[in-house]
Amino acid sequence: MPTTIKDIAREANVSIATVSKVLNNKMNVAAGTREKVLQTVKRLNYAPNASAANLARRSNQTIIYADSFHRGLPFENPHMFDIICGASHELSRKGYKLSLLNLDAASRSVSEILEETILSRSADGILINGQFVTPKIEQLVLQYDFPQICVGVPYFDSLLSWIDTNHALSSSIAVSHLLSRGHARIAFMGGQKKDHIFLDRLHGFQVAMERNGLPIPPEYVVYNAPDIDAIHRAAAQLLDLPVPPDSIICTNSLMAVGTIRAIQDRGLSFPQQIALVTFDDYPYTPMLSPRPTVIDIDLFSLGVHASNSLLKKIRNPAMLIQTYTALPKLIQRETT
């Protein structure tokens with residue numbers, strides 16, 4: 001059997017990633033380690049596969065978008081598809097194609113899936129949902145020196161590149177708008193505690209309320225599963241409090257559907273008796289009556305910017321990109 005890169009790594013007592021860096025003349029390998037690997041290559045008469053070597057040197061014009069893809073996902077997370085569409089649109093303009101990688105495999109860990117993908121050299125770089133990035137994933141990506149952009153800020157201080165929209169700023173805009181319309185008892189209809197976008201929006205809401213000297217009763221912050229009936233019940237309970245809110249911020253347009261239904265069940269009028277602001281104009285707000293005021297975030301644009309940032313990383317791997325983009329925009333309608 002011919003000698004493989006795994007044989008080299010085992011004999012030299014280094015990782016496969018280190019051998020790959022040496023063979024492809026990458027930087028960030030200590031001189032002593034590089035020499036040990038080269039001596040092992042020589043001793044074992046290793047000859048790299050010609051087609052693999054060509055593939056390593058040549059771009060295949062493919063970018064991977066790594067996320068969880070499962071049944072019901074469009075209902076739970078409509079944001080993702082705007083980002084993917086923006087990324088695909090921009091990459092196709094630049095001569096690249098976008099491929100999807102499902103990280104939600106029951107039999108394998110995220111790190112195993114990513115390592116296999118990186119070693120296969122099936123793509124020039126990767127866009128990865130920041131919610132999947134852990135210190136272990138960071139270490140994996142950095143050791144292979146693989147071009148990447150996290151879509152969403154990792155939850156820890158990271159050396160990886162990322163791009164995101166400022167969700168906390170979005171909530172501040174929503175609070176400021178409601179205050180300008182004379183509302184001060186503001187509630188927040190939120191999602192699940194594992195949803196990082198919701199948690200960022202909730203944090204921005206809490207900071208904005210504190211900055212304006214306004215209390216937030218604990219019952220004014222509501223956590224919901226992505227289920228219309230459950231959202232409707234939670235909104236009804238909120239409206240039935242002894243001191244109900246005079247306005248509600250919904251963390252996404254799905255929350256707005258159930259919340260508006262509960263408000264209409266009680267015969268309350270917009271915006272005289274209650275006001276409402278929701279994030280995200282799509283996919284549900286065009287179907288609602290009255291049309292809700294929206295904090296709209298151009299997530300298509302976020303996908304465009306993420307793709308362009310990754311192409312810059314491919315050209316200059318040493319570049320570190322950590323930035324917010326896609327500024328939020330208030331669209332005032334009938335609910336305020």
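Heavy-atom basis, side chains included; hydrogens, waters and symmetry copies ignored.
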Would you say [Y] and [X] are linked by a side-chain donor-acceptor pair, where the criterion is simply a distance under 3.5 Å?
| X | Y | answer |
| --- | --- | --- |
| N308 | K94 | yes |
| T40 | E11 | no |
| E210 | Q206 | no |
| H177 | T336 | yes |

Determine whether a donor-acceptor pair (N or O, by modelled atom type, separation under 3.5 Å) exists between the side chain of [X] and the backbone of [Y].
| X | Y | result |
| --- | --- | --- |
| N129 | Q131 | yes |
| K313 | P147 | no |
| T251 | G190 | no |
| T134 | I137 | yes |
| S88 | I84 | no |
| D296 | D280 | no |
| S111 | S109 | no |

Within this structure, what is the [atom1]-[atom2] distance for the pair [X] and [Y], rounded to the nearest 0.5 Å?
| X | Y | atom1 | atom2 | answer |
| --- | --- | --- | --- | --- |
| I228 | T259 | CD1 | OG1 | 8.5 Å |
| S247 | L179 | OG | CG | 8.0 Å |
| F188 | M255 | CZ | CE | 9.5 Å |
| L160 | I128 | CG | CD1 | 8.5 Å |
| N224 | L254 | CG | CG | 9.0 Å |
| I63 | Q148 | CD1 | CD | 11.5 Å |

May I ask whether [X] and [Y] are part of the same hydrophobic cluster, defined by side-chain heavy atoms of I, L, V, M, F, W, Y residues being less than 4.5 angstrom apart, directly or through others?
| X | Y | result |
| --- | --- | --- |
| V257 | L268 | yes |
| F300 | I149 | no |
| Y284 | I249 | yes |
| L142 | F156 | yes |
| V294 | I231 | no |

Discussion item. Looking at N316, I'd like to know if its CG atom is crowded, meaning that more than 12 non-hydrogen atoms belonging to other residues, nucleotides or ligands lie closer than 6.0 Å.
Written reply: yes
Worksheet item: Is there a side-chain contact (heavy atoms from CB on, under 4.5 Å) between T18 and V29 once you walk through the steps?
Response: CA-CA 7 Å; T18 298; V29 179; 4.3 Å; yes
Worksheet item: Hey, is D298 close enough to K329 for a salt bridge, meaning N to O under 4.0 Å?
Response: no
Worksheet item: Between D124 and R315, does at least one N-O distance fall below 4.0 Å, as a salt bridge requires?
Response: no
Worksheet item: Excluding sequence neighbours, so at least two apart, what forms side chain to side chain contact (heavy atoms under 4.5 Å, CB included) with E219?
Response: P217, L241
Fill in: Pairing residues for S172 by the side chain to side chain contact (heavy atoms under 4.5 Å, CB included) criterion, not counting sequence neighbours
S176, A208, R211
Item to complete: Please assess R333 against D281 for the test salt bridge (Lys or Arg N to Asp or Glu O under 4.0 Å), listing each intermediate value before the final yes or no.
Response: CA-CA 11 Å; R333 298 197 184 108; D281 209 14; 3.1 Å; yes
Worksheet item: ring pair (Phe, Tyr, Trp, His ring centres under 6.0 Å): which pairs involve residues 304-336, sequence neighbours left out?
Response: W162-Y324
Practice prompt. Would you check if D67 and L127 make a side-chain contact, meaning some heavy-atom pair closer than 4.5 Å?
Written response: no
Discussion item. For F198 and Y223, take the angle between the two ring planes, folded into 0 to 90°, and tell me which bin it lands in: parallel under 30, tilted 30 to 60, perpendicular over 60.
Written reply: perpendicular
Discussion item. Name the residue from L310, V153, T323 that meets the side-chain contact (heavy atoms from CB on, under 4.5 Å) definition with I163.
Written reply: T323
Worksheet item: Does H167 have its ring centroid less than 6.0 Å away from the ring centroid of F279?
Response: no
